[in-house]
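Working notes, beginning with the structure itself.
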Amino acid sequence: MQEELRTLASRLRAARTVTVMTGAGVSAASGVPTFRGPEGLWRSFRPEDLATPSAFERDPALVWEWYAWRRQRVASCRPNAAHEVLARWSHDESTQVHVVTQNVDDLHLRAGTRGLIRLHGSLWEAKCFDGCAAGARAWRDETVTLTNRLPRCPHCDGLARPAVVWFGESLDATDVARAAEAASCDVFLTVGTSAIVYPAAGFARIARGRGAYIAEINLEQTPASASADVSIFGAAEDVLPTLDRLLVAG
Ligand code: BV8
C-alpha cells in the first residue's frame, strides 16, 4: 500500500482541485453503523421497508422509530481522524477541495468542513410531509424520544418527516449541480462507500470522463474499483491521516 499512497500523495500535491466523495465507511470509526456492512443498518431492516416515501405513508411511526434510534446512536458519536483531515483540507488556500457526502450523520459539518455538499440530507433535520410551502424548507429536529404525537410541521401542524432523500426520491437539484461541478477536478477520491447508490455512485465516472485521477480508499473492492487509477485498501481513519502526513512531509 505504501507505493500507492506515495503515488496518490504526489498526485494530490500537484492538484489544484480535489473532490472527495464520502460514504458511511468514513463514519464507521466514529461508531455510526454503515448500511451494508456485517452489522449494517440495512441488515436489520430492508431499505424499501423504511427509507421510502411509501413506507412512511404506510407506517410513519415505524419509520420515525428507526430514525429516532439512529439519532440516538449518532448523538454520542464524534468526528474521527478521517473527518478532521477532510475538514482541514476543505480550508486549504492553495488547493480547492470539495467534500461531497452521502452521509446524513452531520459528522463532516461537526468537524468544520467548509462548503460541504450533502447529497442525501441530514438525520438531524425534518420537513413537512404534508407538503405545505413553508415546511419544504428543512428545520433542525433533534427528537430522539417519540410520543404518540409524531413530530409536526411548525408551519401547518401537519406530519413532519426526516429531511433525508429516500429511495425513489430525487435529490435536491442544487446539490446535484454542485456535485456535478465538483466532478471537474484534478483528483477525485471516493472514500468509504460501497458505490452502489446512484446518482452519488456515478460522480466518480463523470470525473474520470473529464480527465480526473481517480483514487478509491476502502476496506474492500467495490463497483468503483474497476475505474479507479489506484485503490488503497485500508481504513479511512488511518489512510487519510497518513496521506496528510505525506503531503506535509513534501
Ligand atoms: C434517485 C438517506 C431519481 C436515507 C440514502 C428503482 C427505483 C427507484 C430508484 C432506483 C431504482 N433502482 C435504482 C435506483 C436508484 C436508487 C439507487 O441507487 N438504488 C440502489 C440501491 C441500486 N437511487 C435513488 O433512489 C436515489 N434517487 O435516483 O432519484 C429517481 C426517482 C424516482 C425513480 C427512479 C429514480 C436516492 C438515493 C438516496 C437513498 N438514501 N440515504 C437514510 O440514510 O436513511 S442511501 C444510503 O446509502 C446512505 O445515504 C448511504 O450513504 C448510501 C450509500 O451507502 P454507503 O455510504 O456507500 O454505505 P455502505 O454501508 O453501503 O458502504 C460502506 C462502505 O464503506 C463499504 O464499501 C465498506 O467496505 C466501507 N468501509 C467500512 N468501514 C470503512 C470503510 N471504508 C474505509 N474505512 C473504513 N473504516
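For reference, positions follow the sequence shown, starting with 1. Just so we're clear, the structure is a prediction, and the values are computed from it rather than from any experiment.
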- Item | Electrostatic pair Arg140-Asp106, nearest N-O below 4.0 angstrom |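 Salt bridge: yes.
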Report yes or no: do [X] and [Y] belong to one cluster of Ile/Leu/Val/Met/Phe/Trp/Tyr joined by side chain heavy-atom distances under 4.5 Å?
X      : Y      : answer
Val20  : Val176 : no
Ile117 : Val18  : no
Leu247 : Leu240 : yes
Leu8   : Leu219 : no
Leu119 : Val104 : no

- Message: Check the orientation of Trp166 and Tyr67. Use parallel for under 30°, tilted for 30 to 60°, and perpendicular for over 60°.
- Response: tilted
Between [atom1] on residue [X] and [atom2] on residue [Y], distance to nearest 0.5 Å:
X      : Y      : atom1 : atom2 : answer
Ile214 : Arg11  : CD1   : CZ    : 10.5 Å
Arg6   : Leu243 : CZ    : CG    : 12.0 Å
His91  : Thr113 : NE2   : OG1   : 7.0 Å
Leu50  : Asp59  : CG    : CG    : 9.0 Å

- Contacts of Glu57 meeting salt bridge (Lys or Arg N to Asp or Glu O under 4.0 Å) (sequence neighbours excluded), chain-then-number -> none
- Not counting sequence neighbours, which residues clear salt bridge (Lys or Arg N to Asp or Glu O under 4.0 Å) with Arg161? List them please.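 Arg161 satisfies salt bridge (Lys or Arg N to Asp or Glu O under 4.0 Å) with Glu169 only.
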- Task: Walk me through it: do Trp139 and Cys153 pass the test side chain to side chain contact (heavy atoms under 4.5 Å, CB included)?
- Result: CA-CA 9 Å; Trp139 62 87; Cys153 171; 4.0 Å; yes
Minimum heavy-atom distance [X]-[Y], with the two atoms named:
X      : Y      : answer
Cys77  : Val32  : SG-CG2, 3.7 Å
Ala179 : Val100 : CB-CG1, 4.0 Å
Leu150 : Leu146 : CD2-CD2, 4.4 Å
Ala24  : Asn103 : N-OD1, 2.9 Å

- Task: Write out all pairs satisfying salt bridge (Lys or Arg N to Asp or Glu O under 4.0 Å) with one or both partners inside residues 226-249, taking only residues at least two apart or from two chains.
- Result: Arg88-Asp244, Arg208-Asp229
Counting only pairs under 3.5 Å, give me each side-chain donor-acceptor contact of residues 189-197, with atom names and distances, residues two or more places apart or in other chains.
unit_1, atom_1, unit_2, atom_2, d
Thr193, OG1, Gln102, NE2, 2.8
Thr193, OG1, Ala195, N, 3.3

- Message: Going by side chain to side chain contact (heavy atoms under 4.5 Å, CB included), name the residues that satisfy it together with Ala173, two or more places apart in sequence or in a different chain.
- Response: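 Here no residue qualifies.
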- Note on the structure: Residues passing the ring pair (Phe, Tyr, Trp, His ring centres under 6.0 Å) test with His98, sequence neighbours excluded, are none
- Could you walk me through whether Asp105 and Arg71 pass the salt bridge (Lys or Arg N to Asp or Glu O under 4.0 Å) check? CA-CA 8 Å; Asp105 55 37; Arg71 284 176 174 179; over 6 Å; no
- Side-chain touch Ser231/Gln221, heavy atoms, less than 4.5 angstrom: no
- Query: Can you check whether Pro60 reaches Phe129 side chain to side chain, under 4.5 Å on heavy atoms?
  - Reply: no
Looking at [X] and [Y], would you say the former's side chain and the latter's main chain have a donor-acceptor pair under 3.5 Å?
X      : Y      : result
Asp130 : Ala160 : no
Asp141 : Thr143 : yes
Arg16  : Thr95  : no
Thr17  : Asp186 : yes
Arg13  : Leu246 : yes
Ser30  : Arg78  : yes

- Item | Gln72, CD: over 12 other non-hydrogen atoms inside 6.0 angstrom | yes
- Message: A quick test of your reading: do over 12 heavy atoms of other residues, nucleotides or ligands sit less than 6.0 Å from CZ of Arg210?
- Response: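 More than 12 within 6.0 Å, yes.
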Residue pair [X] / [Y], side-chain donor-acceptor N/O under 3.5 Å:
X      : Y      : result
Glu216 : Ser225 : yes
Ser27  : His83  : yes
Arg205 : Ser227 : no

- Candidate pair Trp124 and Val74, rule side chain to side chain contact (heavy atoms under 4.5 Å, CB included), full reasoning: CA-CA 10 Å; Trp124 296 105; Val74 172; 3.9 Å; yes
- Task: Report the C-alpha separation of Thr7 and Val230 in whole Å, then their side-chain angles, then the decisive distance to 0.1 Å, and conclude whether the side chain to side chain contact (heavy atoms under 4.5 Å, CB included) test is met.
- Result: CA-CA 9 Å; Thr7 305; Val230 66; 5.6 Å; no
- Using side chain to side chain contact (heavy atoms under 4.5 Å, CB included) as the criterion, point out the one residue from Glu125, His108, Arg178 that pairs with Arg118.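 Exactly one pass, corresponding to Glu125.
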- Item | Sole residue of Leu116, Val99, Thr101, Val97 in side chain to side chain contact (heavy atoms under 4.5 Å, CB included) with Leu86 | Val99
- Item | Centroid separation Phe188 to Tyr213 less than 6.0 Å |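 That pair fails the under 6.0 Å test.
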